[in-house]
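Computation of the quantities below employed the complete heavy-atom set of this structure, encompassing side-chain atoms and omitting hydrogens, waters and symmetry-equivalent molecules.
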Amino acid sequence: MVAFSKAKKKKKTACKKCATKRNITVKYSRVSGSAGYQVAYKKVGSGSWKNASVTSSTTKTITGLSCGSKYAVKVRAYKTVNGKRTDDNLYCIDD
């Protein structure tokens, strides 16, 4: 005869929440012929991109991100033609 016992219920524990906002630093390679870079980010599953900055630097720190959320970041190089910025998709990272 086999005896079965009731499974013990696990205690529910509260999830630890972050006390502060997160920051990430994005580093990317310089693209020949580009005047600068546009850095944008969004929460995974969110529909709209937020522009972090337009910069000539190859490093950007994005601040004020929600703790525990996943983000996608894209970097696009641009060049300047006749004083106007053109987004020719010279370089794009999307993840």
Which heavy atom in [X] sits nearest to a heavy atom in [Y], and how many Å separate them?
X: Tyr41; Y: Val73; answer: CB-CG2, 4.2 Å
X: Ser56; Y: Ala35; answer: CB-O, 4.0 Å
X: Gly33; Y: Lys79; answer: O-CB, 3.6 Å

For Asn51 and Val39, what are the C-alpha separation, side-chain angles and deciding distance, and is it a side-chain contact (heavy atoms from CB on, under 4.5 Å)? CA-CA 6 Å; Asn51 284 326; Val39 181; over 6 Å; no
So, does Tyr71 use its side chain to make a donor-acceptor pair with the main chain of Ser66 at under 3.5 Å?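 Indeed, once roles are kept as given, a pair shorter than 3.5 Å links the two residues.
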Ignoring hydrogens and angles, tell me if any N or O in the side chain of Arg22 forms a donor-acceptor pair with the backbone of Ser69 under 3.5 Å.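 A pair under 3.5 Å: yes.
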Could you measure the distance from the OG1 atom of Thr55 to the NZ atom of Lys60? Nearest 0.5 Å is fine.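 Those atoms lie 7.0 Å apart.
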Could you grab the distance from atom NZ of Lys74 to atom NZ of Lys42, nearest 0.5 Å is fine?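 Lys74 atom NZ to Lys42 atom NZ measures 8.0 Å (nearest 0.5 Å).
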Check the pair Gln38 / Val75 against side-chain contact (heavy atoms from CB on, under 4.5 Å), numbers first and verdict last. CA-CA 6 Å; Gln38 177 186 12; Val75 177; over 6 Å; no
Tyr37 ring center near Tyr28 ring center (under 6.0 Å):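 So the answer is yes for these two rings.
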Sole residue of Thr63, Leu65, Ile62 in side-chain contact (heavy atoms from CB on, under 4.5 Å) with Asn23: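 Result for side-chain contact (heavy atoms from CB on, under 4.5 Å) with Asn23: Thr63.
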With heavy-atom distances below 4.5 Å as the criterion, would you say the side chains of Tyr78 and Val54 are in contact?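 The answer is yes, as the side chains (C-beta and beyond) meet within the 4.5 Å cut-off.
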